[in-house]
Structure formats: C-alpha cells, structure tokens
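The structure under discussion appears below in the form of structure tokens.
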There are 2 protein chains.
Amino acid sequence: MDEKNKSRQAAMPSTLNERPTLKTIAFMTGLGITTVSRALKDAPDIGAETKERVRLVAKQVGYQPNRAGVRLRTGKTNVISLVLSLEEEVMGLTSPIVVGISEILASTGYHLVITPYRFSKDALAPVRYVLDTGAADGVIISRTEPNDPRVALMMERNFPFATHGRTEMGLAHPYHDFDNEGFAYEAVRRLAELGRKRIVLLQPPQHLTFHRHMRKGFDRAVRDFGLEAVPFNSVDIDNSLVDIRAAFETLMSDSDAPDGIVSGSGAGSIAVIAGLEAVGKRLKHDVDMVSKVPSDFLSWLRPEVITMNEDIRHAGRELAKAVLGRIAGTPAEELQSLSKAI
Amino acid sequence: MDEKNKSRQAAMPSTLNERPTLKTIAFMTGLGITTVSRALKDAPDIGAETKERVRLVAKQVGYQPNRAGVRLRTGKTNVISLVLSLEEEVMGLTSPIVVGISEILASTGYHLVITPYRFSKDALAPVRYVLDTGAADGVIISRTEPNDPRVALMMERNFPFATHGRTEMGLAHPYHDFDNEGFAYEAVRRLAELGRKRIVLLQPPQHLTFHRHMRKGFDRAVRDFGLEAVPFNSVDIDNSLVDIRAAFETLMSDSDAPDGIVSGSGAGSIAVIAGLEAVGKRLKHDVDMVSKVPSDFLSWLRPEVITMNEDIRHAGRELAKAVLGRIAGTPAEELQSLSKAI
DNA sequence: TCTAAAATCTGTAACGATACAGTAGACTTG
DNA sequence: CAAGTCTACTGTATCGTTACAGATTTTAGA
C-alpha cells in the first residue's frame, strides 16, 4: 500500500488469446478476482450494476470456469459416473441408457464418465474407487441385488447415487425400475387369453432383485388364471444365447413341453425361438411367446412374438434426473420411479 | 531458517483418515513434498533407497494422485473423450464401442468421458468444446466424412485424436476402419456364386466416407463378376426402419426386382427382410442377401441371410490404442488400422 | 456532526501437484 | 587443500478457484 504501484490483484493481462480466467475478466473490468468470482455466482454482496458488467464481459470473452480449479478448491467434480459391467454387454442395453443419461446431462454442467468393471464379483471396486478418489459427484449403478453392498456403502457415506433396479434393504434411495412384476403378469394374462395352459419363464438370474419381481408377477398370474407354471431353472437371461438355445431345445422336445413362454430378455428370446424351431415347433401354432424387448427388432422378424417394450433410454433419463435430484438435496423418496411396458 | 523451528515443508499430519496426499507421505517419511513427488515418478535425482521407501509408504496408505491437482498444474486431464451423436443410436453400435474403449483404458490412468451432440449439423461443437476447455487429452470421433471439419480442426491444433472411419484430406491421422470395400466385394462375390444377377446395395449416406468405400467394392465386384447393379438411392442405412421397409417393398414388387441384396447395416437388414417378405418374396428362393452385422442375432432368426460380422468392440479397442499412441507421440502412420469381416 | 450500520469491494490463503532454482554435503581433482 | 563436480534433497511459486476475514465507502440514525 505504501508502495507506489498499488499492485492490484489482477495485474497483468497474461498473454493474448489464452483461455480467459477470472483474472482476465478482473483485469478487463478493473475489479478484483474475488469480486468477479462472486459476481458471476450472483452473490448478494455485489452491486447490481457490477454484476451486469462482469456478466457481459464474461460472455464477451467466452469465459468458462476451469474445472480443475473448481474441483481442487471445492471438491465438486461436475461428473456423474455410470458404473458398467463389461461383461453385461447384453444386447443394446447400455447404449440407450448412455444416450438417455447424456440427454439430461447435456443441459447441465455435468459430464458423464464411464467407470467399468470386468467381473460381477468386482462390482464393488469401481464404486469404492469413485468414493475414495472423489472421482464424481454422483453414481449410477445397475443390476441391483436385494441386499446390495454398493448401495450399503454409498448410503453409509451419504454419497448421491441412483440405481437401475430396486433393493430390499429397508433403505430409501433414488431408483428407476421397470415394472417387471406388471410385465410378467400381463404377459401371462395374454398367454392365458390365447388359451395357453403350461407356461414357462425365462427369468433373470436369482441374485438380481428383479428376478423376484418378475417371478412374483408370473406366479401370481399363473395362479389367477388357473394355469400351470413349468419349472425351469437350467438357464437364465444371463446365460449365453447358445446355452439358452440348447436348454430350450431340450425343454421343448419334452412330451409335456410348455405351450406358452414368457421371456425376460429380448436377446434371450432369439435363442428361445431358435431352440423351439429347431425341434419343429412353431410360434403361434404350438406355442405362444411374450417377450420383453429393449428395441423393436424382434417384432420385425417374428411378428408372431408378442412384445412389450422396456424403454431403456427413458430409464437413462430418469436415472440422470434422480442422481441430479439427490445431489440437489431432494429427498430420496421423491426420486423413485417405476415404468410400465409401452 | 533463523527461526527456531525449521518449519519443514510437510509440517502437520493433517487430520486422520482423510485421503492421503503427497504431504501425508512427506510427513510420514520425513522427506520434502517435492522429493516425494519426484520419487514417485522415478526421477533420476532421487536416491534408490529413498524411492523404495516412498513407494512403500505410498502403497501402504493407498496414495492416489489427486486428478484436479495434476490437471490444474500440468494441464493433463487423463481423460479420453468419445464424441457421440445422440441421434445415431443405430442398433447396438455405441455400446460395444464403449466397452472396447473401456477395456483398453482400464489398465491406464485414463477415464472415458462421453461428449454428446444432438444433431449432425452440430458435430463440430463438442470437438470445439473439448479443444477450447481442455476437457480431454484425446478425442475419438466416428461417422467421418471425406472432408471432415473436425479432423481439420484437431490437426490444425495438433490435438491427439482417432477416428472411426477414414477421411480423404491428404492428412495422416490415426484411424480405425472396417474394410467396407472388401466387405461389399466379398458380399457381391457370394451372391454371384449363388447365381444371382441383379444386385442392389443398401448403402451408407452419401456424405460419409465409408459410402465411397462400400460403393467402390460393390461396383468393382459387379463388374468383375459380370452382374448388374440395380440403381437404388431412395433410402440409405440412416433412414428409419419404417422408411427402408417401405422402399424395399416398392423395389421388390417391381417386375425387374433385384435377386441379390447387399445390406450395409444389420438393423437395416431387418427392415429389408420385412419389406421383401411383405410382397411375398422369400430369402434363398427369390432373393439372396448378404448383411453386415454388428452382432449375431440376425443369423439366429434368419439363417438364410449370409452375415459378415463387423467387430465393433474390437474397433473400440483399436481406437483407444490409437489415441493413446498419438498422445504418447507415435507417428500417425503407425496408428492406422483396417479390419476385415470375421 | 458524529457514529453505527449497510453496502460493496478486495487481499490472502488454501486446495494438491509440479517446474524450477536452488542448497548442503560428499567426493574428485590438480 | 581449495575449487569444482556430483548426488540427493528441498523451498518457492504457480495453475484457477473460492472461503474467509477484512477494508472502504455510503447511508442512516440521532
């Protein structure tokens, strides 16, 4: 202060066409860096005219906050992490979910980072990584289990997340889920309507939560409509198409083979069809089938199959909204949604 | 120095179970922060024993460099950005590419960030964003055009990137591409082998580079085998399945309809089949078809279709290796690959 | 007119890492 | 043994941002 030049905070104009920072704006407006920072976030202790001036200059020079600076100082990453299994490349499932999430994040400052893991047993590792390194502000996981350690961990650390699928731990957390119970019930109902009696279900693996939902809807409908559920546990929708096909070849060549099939996965349905056609059965004649599908390709090639669409892209949008909501502090209870087949 | 306590760089042990930083390790080892930093990157001016000690402690406390710190100081983001069109949700195409990229990045320190754009006309915007904000160390783009402004921009700025598909600008840059010329040639050859004479091509849109490749292979084969190419430009593989189906319904009901079809897209093939079957034609009888497919589902439901597989997941791996190579300074010429149908 | 309270604005320190310019001591060398 | 050279280590400044604790000016109050 007693020096001759007052040595303002924003002294030098740096170089020329570098990326503008708060310092650039501070220099151009003649204000302090702090003032500029606070003006841009509309703090109450900055004059209205000053704010306007700062905003104008900021826009003019195309200022965009440096993410690393913000992140270092505040810990806010502006990142949502989608935790994906590299195995579960189940036909076209991850693609639409990524698109759906992106659609929502596009209008926010958030980036989408894919955090992969290789084997189901390592599912906890990526979540732990994000939590330990603070790699993201929120996480989206899928393939939930009734008692999911990932959910337990994130709840315990009070970390924002949303799950594709529900859990059964008595903890309220954001989720989006497809109404698999409703799907299975409706599927069986349609088969009953067609006069089918012996129904089989190609179901999700036991350890995933939605196995229970689908099973529940299936069993209830079978009871309600006085049908018979054909026991079938040799394969589930996580098995390879080759295995599913083989299992259905065996099943359908049996003397008391089912005459109605509910398939919990579009990809699986393909193998199912191949299996039953291999033993000479024909859809609509010997057997009817209802399939859950993530896209409409099946109805083009086997219109005989009754399809019920699960809108994965919509799920992506809902999940993105849910994590963002959680980050913003919305109670988990208000961030839970269920969608029906369309 | 003349003070009584020498005030080392690493003075306080911070709190307890916070995330460890260089400071933590410096305190534990009694070394300076700089020394620790340099020891961990194996700098030549640090003693062997010291390095060992630092590494041990670092591992013990689970040290992981703070990305924001590194990024702020060095500008290195450790991020690869995959630029995706939200429109081009062409059946199951993006999913395997994401998986392939992830597989490679998993063993590096790189994260994968999805950078979407909404409409084809905005394709340049996300690239500009990444360049302007320094959001990533490398970029992967797809749907390249012969003269691609995105490529021009990144070359001009000397920014590492890899393209899924080639360009024709006389600039050497990393790419991975499917050998569409080879595919089309081979496809036509097989149709010729089956005695087909009048061949039609469901091709990529004109503005994309691989349109030319596929066209070239197709035309060359038609010439080589003395066949006839049926003109057909009303739809391309970017059109909706509904439109493709309608176009093929018209085409195939013509008196001089083609008896051989080459389809440049698996999803498109579905619509093609629906179209030709709608007018009473049957695969293998009235017409044969060869399709490029990203997965094997088609061969399950229409084994009559000859399929040639494009391994998108492999493309993802190659692209990831290519960008990383470019970042590491490998000449572009050594980072170009072409893959054949499998 | 003098003081208290607003209203605005600002410098400093810190987040975690690294580039750079040292420093201290041991070891050569002539 | 003085001077130079290595070896091994370290402090300072800095990247861009924000929390915090002032500082200055204006307005109000009495």
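All values below were derived from every heavy atom in this structure, side-chain atoms included, with hydrogens, water molecules and symmetry-related copies excluded. Proteins get letters first, then strands, A, B, ... in listed order; numbering begins at 1 in each.
- Taking atom NZ on A:Lys23 and atom C1' on C:dG11, their separation rounds to 14 Å, with Å as the unit.
- Protein atom CG of A:Leu40 is 16 Å distant from nucleotide atom C1' of C:dT10, rounded to whole Å.
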Would you tabulate the side-chain donor-acceptor contacts of residues 58-66 of chain A under 3.5 Å, counting partners in other chains and residues two or more places apart, or write 'none'?
from: A:Asn66; atom 1: OD1; to: A:Ala68; atom 2: N; distance (Å): 2.7
from: A:Asn66; atom 1: OD1; to: A:Gly69; atom 2: N; distance (Å): 2.9

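- Using a 30° and 60° split on the angle between ring planes, A:His176 and A:His314 fall in the perpendicular class, above 60°.
- One interatomic measurement links the two molecules: CZ of B:Arg38 to C1' of D:dG11, which rounds to 14 Å at whole-angstrom precision.
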Please report the C-alpha distance between B:Asp148 and B:Thr167 in whole Å, then the side-chain angles of each, then the deciding distance to 0.1 Å, and finally whether the side-chain hydrogen bond (donor to acceptor under 3.5 Å, both in side chains) criterion is met. CA-CA 7 Å; B:Asp148 200 304; B:Thr167 58; over 6 Å; no
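- Atom CG in B:Leu31 sits roughly 19 Å away from atom P in D:dT7 (whole-Å rounding).
- With respect to A:Thr144, the side chain to side chain contact (heavy atoms under 4.5 Å, CB included) criterion is satisfied by exactly one of A:His164, A:Met169, A:Arg150, A:Arg166: A:Arg150.
- Here A:Glu103 pairs with A:Arg313 in a salt bridge; the nearest charged N to carboxylate O distance falls below 4.0 Å.
- Each of B:Tyr63 and B:Asp45 has a nearest nucleotide on DNA chain C; the 5'-most of these lies closest to B:Tyr63.
- Between A:Lys41 and D:dT18 there is a side-chain N or O to OP1 or OP2 distance below 4.0 Å.
- Proximity of B:Thr34 to the phosphate of D:dG11: no side-chain N or O atom is located under 4.0 Å from OP1 or OP2.
- For B:Thr50, a side-chain nitrogen or oxygen approaches OP1 or OP2 of D:dC9 to under 4.0 Å.
- One can place CG of B:Asp42 at 14 Å from P of C:dT18, the figure rounded to the nearest angstrom.
- Taking atom CD1 of residue B:Ile33 and atom P of nucleotide D:dT10, one finds them 11 Å apart after rounding to whole Å.
- Side chain of B:Ser102 to main chain of B:Val98: a donor-acceptor pair is present (N/O by atom type, distance under 3.5 Å, no hydrogens or angles).
- Comparing C:dT10, D:dT10, C:dT18 by their nearest atom to the side chain of B:Thr35 picks out D:dT10.
- Applying the salt bridge (charged side-chain N to carboxylate O under 4.0 Å, His left out) rule to B:Asp132 yields the partners B:Arg157; only residues at least two apart in sequence or on another chain are considered.
- Contacts between residues 65-78 of chain B and DNA chain D, defined by a heavy-atom separation under 4.0 Å, are made by B:Leu72, B:Arg73.
- Remark: C1' of C:dG16 and CD1 of B:Ile25 are 12 Å apart, rounded to the nearest angstrom.
- Rounded to an integer number of Å, the gap from B:Leu22 CG to C:dC15 C1' is 13 Å.
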